Amino acid sequence: MDNDNLSNFIHDIIDADLKSNKYNSKINTRFPPEPNGFLHIGHAKSICLNFGIAEKFQGHCNLRFDDTNPLKESDEYVQSIISDIKWLGFNIQDNILYASDYFEQFYEYALILIKNRKAYVDDQSAELIKINRGTLNKPGENSPNRDRSVEENIMLFENMKAGKYGDGEKVLRAKINMNAPNLNLRDPIMYRIIHTSHHRTDNKWCIYPMYDWAHGLEDSIEKITHSICTLEFEDHRPLYDWYLSQLDIHHPQQIEFARLDLSYTVMSKRKLKELIDNNYVDGWDDPRMPTISGFKRRGYSPESIKIFCNKIGVAKRDSIIDYALLEYCVREDLNKKALRVMAVLNPIKLIIDNYPDDKVEELSAENNPENELDGTRVLPFSKELWIERSDFMEDAPKKYFRLSIGKEVRLKHAYYITCTEVVKNDAGEVIAVHCTYDPKSKGGWTNDGRKVRGTLHWVSTQHAIDAEVRLYDRLFNVENPLNSKKINNFTDAINSSSLSILKNCKLEPSLSNINLDVHYQFLRMGYFYVDSNSTKDKLIFNRTSTLRDSWKKT
RNA sequence: UGGGGGAUCGUUCAAUGGUAGGACACAUGGUUUUGGUCCAUGGGAUUGGGGUUCGACUCCCUAUCCCCCAGCCA
């Protein structure tokens, strides 16, 4: 990945900081997910940004779990996040950290703020705190508990920690300014009481730090230099800075960028979970999901995701990236590495009348025209073949290069054939096509200068293996399901045909010894990848993407 | 209408007072044993109005539009 050439406004800031020796020339970043869901491609953007900066500037990037809310988090999510980041190819062996490992330190820091009269325990109910916070246009009102003595605050805070109060009975608040125009500064809550066991600290704690209190401290403890987050945290930066200044500890610079949004999908963990919970998709790794695990199962390569993340750029304005760009990136990568094979998805029979009944020929086929090193394989050829239903048409339009009666086409790697006759069932559906072949065109070529435009893929019926193939389309019918005038709820825009399952597909026999981790190109049909639920007895392929198709029916 | 951000081809990212450029998408050709790949060509943008300047996407004024914030979520 050549990200040395990458640049964006954050790189510019770092360049300037390096020049002024702001952080002793050591650059540290972090990727801080909350383990409350699976990672999606928006996270991949952040991962590539943060790990990419570490690579480019010879620094470090930590994976740090922001596990400050036991109500929503679990080890299952921790494990999925680790595995997704490893799959993307970033080295995190020694860099997996947890906010929960710093809880003791956070507590000590809180005591310092209390002693400096910068924090107090508040007994007000959640409702009251909300009311007294004021509104966008109205200033807040001081809590009656705001001026408790240091001693009383320490005692109450210790009691909070010791579990003497129930959930919501007390909170620790920073004493800043209830009149601040920035709502985040109106005595924000630092600790709340939650009597729930935590996936790592178990029942050791019943007070848990809020994001704003914890995040800067985590960054500071880890000696992060550039704390990169998304735009909605711009309003939180004054608070981030306030906590660190009060404590007078290492002070990273928070920088905000616009999160990734992709057309025809949704990107919030909450919405994705809603799709799962309501059975619109099969789970976090459903191949239609914009999750890392979804893309993996769909057959995207980690490289294609990284190419994409580096191509979309980093800026501060809200934008929606065209899904077509993602598809371009996966095609670009897979075109180089996918092994070409032949598979007929919607089969009809092709009978070569002048080919000997029992003869079987072994033809040689290249595995990848983009890479000679991928070698060749052997294809069995015989009198009866499967071809694609859409490759025959009775009344073909002018520019149809495929099969219709009287027309000659090439069978890839095999022979020229000319269509002679079509067989239909009682319902008028085509069930078989007859043709003759030209024995002199073996390998799919003659020297007589004949022009044969169409080339079809095929599979010998007696050698074919069966498989199920799953075709995927966009999950939503509108570009921006969360903000579309055409619909009320985002689920109204779900594409009801985002999945279609083909159960009668015929694959060339070389696919019987399948390699699970290989990306295939089914010739002329697209890129395909073995599904994780595939078995020896029931082979299942997912279509990663179609090929670009410049042929448009009139 | 309190505060914080942001407006550049259809989409997205650049241009840091000096020829508005790239990528994707689209269109048209060429090559081709995949209607793939590859190659070439084309159309297409500075939110509006003023100002400063030899020169403005960039600086100033003004108007407009969009996003975020009133969780004991992150």
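All values reported here derive from a predicted model rather than from experimental measurement. Every chain is numbered from 1 and lettered A, B, ... according to where its sequence line falls, protein lines coming before strand lines.
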Would you tabulate the nitrogen or oxygen pairs shorter than 3.5 Å linking the protein to nucleotides 15-18 of chain B?
residue	atom	partner	partner atom	Å
B/U16	O4	A/Asp12	OD2	2.8

- request: Sticking with atom P, work out how far B/A45 lies from B/A20, rounded to a whole angstrom.
  value: 13 Å

statement: Only residue of A/Asn50, A/Ile96, A/Ile47 satisfying side-chain contact (heavy atoms from CB on, under 4.5 Å) with A/Leu63 is A/Ile96

Any A/Arg453 side-chain nitrogen or oxygen under 4.0 Å from OP1 or OP2 of B/G35: no

salt_bridge(A/Glu303, A/Lys337) N-O dist < 4.0 Å: yes

query: Of A/Asn8 and A/Lys170, whose closest RNA chain B nucleotide lies nearer the 5' terminus?
result: A/Asn8

query: If the P atom of B/U32 is compared with that of B/C13, how far apart are they to the nearest Å?
result: 40 Å

Give every pair of a protein N or O atom and an N or O atom of nucleotides 24-28 of chain B that lie under 3.5 Å apart, one pair per line with the distance.
residue	atom	partner	partner atom	Å
B/C24	OP1	A/Tyr328	OH	2.9

task: Check if the side chain of A/Arg402 and the base of B/G35 share a donor-acceptor pair of N or O atoms closer than 3.5 Å.
output: yes

- request: Specify whether A/His519 and A/Tyr529 have parallel, tilted or perpendicular ring planes, treating 30° as the upper limit for parallel and 60° as the lower limit for perpendicular.
  value: parallel

Can you name the atoms? Protein N/O to nucleotides 40-48 of chain B N/O, anything below 3.5 Å, with the distance.
none

message: Between C1' on B/C73 and CG on A/Asp66, what's the gap in Å once rounded to a whole number?
response: 11 Å

query: What is the nucleic acid contact for A/Tyr400, judged by heavy atoms within less than 4.0 Å: base, sugar-phosphate only, or nothing?
result: base

message: Considering every strand and a 4.0 Å limit on heavy-atom distances, what is the contact class for A/Ser441: base, sugar-phosphate, or nothing?
response: nothing

d(CD, A/Gln521; P, B/U34) in whole Å: 11 Å

- request: Determine the Euclidean distance between corresponding P atoms of B/C9 and B/G49; express it in Å to zero decimal places.
  value: 16 Å

message: Counting primed atoms plus P, OP1 and OP2 as sugar-phosphate and everything else as base, spell out the protein contacts along nucleotides 66-71 of chain B at 4.0 Å heavy-atom distance: B, S or - for each nucleotide, 5' to 3'.
response: -SBBBS

- prompt: Which part of the nucleic acid, if any, lies within contact of A/Asn69, taking any heavy atom under 4.0 Å across all strands shown: a base, the sugar-phosphate backbone alone, or nothing?
  reply: sugar-phosphate

Separation of B/G36 P from A/Tyr520 OH (nearest whole Å): 24 Å

- line: Residues at least two apart in sequence or cross-chain that pass side-chain contact (heavy atoms from CB on, under 4.5 Å) with A/Glu388, listed by chain then number, are A/Val344, A/Leu345, A/Asn346, A/Ser390, A/Asp391, A/His457, A/Met525

- request: Between B/U1, B/U34, B/U37, spot the one nearest the side chain of A/Glu370, thanks.
  value: B/U37

- prompt: OP1 or OP2 of B/A74 less than 4.0 angstrom from a side-chain nitrogen or oxygen of A/Thr68, does that happen here?
  reply: yes

- request: Please confirm whether A/Phe233 and A/Tyr211 have ring centers closer than 6.0 angstrom.
  value: yes

query: With the threshold set at 4.0 Å, does a side-chain nitrogen-carboxylate oxygen contact exist between A/Lys170 and A/Asp122?
result: no

field: A/Thr455 side-chain N/O to A/Arg410 backbone N/O, donor-acceptor pair under 3.5 Å
entry: no

- prompt: How would RNA chain B look in dot-bracket form, 5' to 3', counting Watson-Crick and G-U wobble pairs with both distances under 3.5 Å and writing | for bases paired to another strand?
  reply: .((((((..((((....[..)))).(((((.......)))))....(((((..]....))))))))))).....

field: First encountered from the 5' end of RNA chain B, between A/Asp167 and A/Thr455
entry: A/Thr455

message: Can you tell me if A/Ser550 touches the phosphate of B/G36, counting only side-chain N or O atoms and a distance under 4.0 Å to OP1 or OP2?
response: yes

message: Just to be sure I understand the rule, does A/Ser263 reach a base, reach only the sugar-phosphate, or reach nothing, if contact means heavy atoms closer than 4.0 Å?
response: nothing

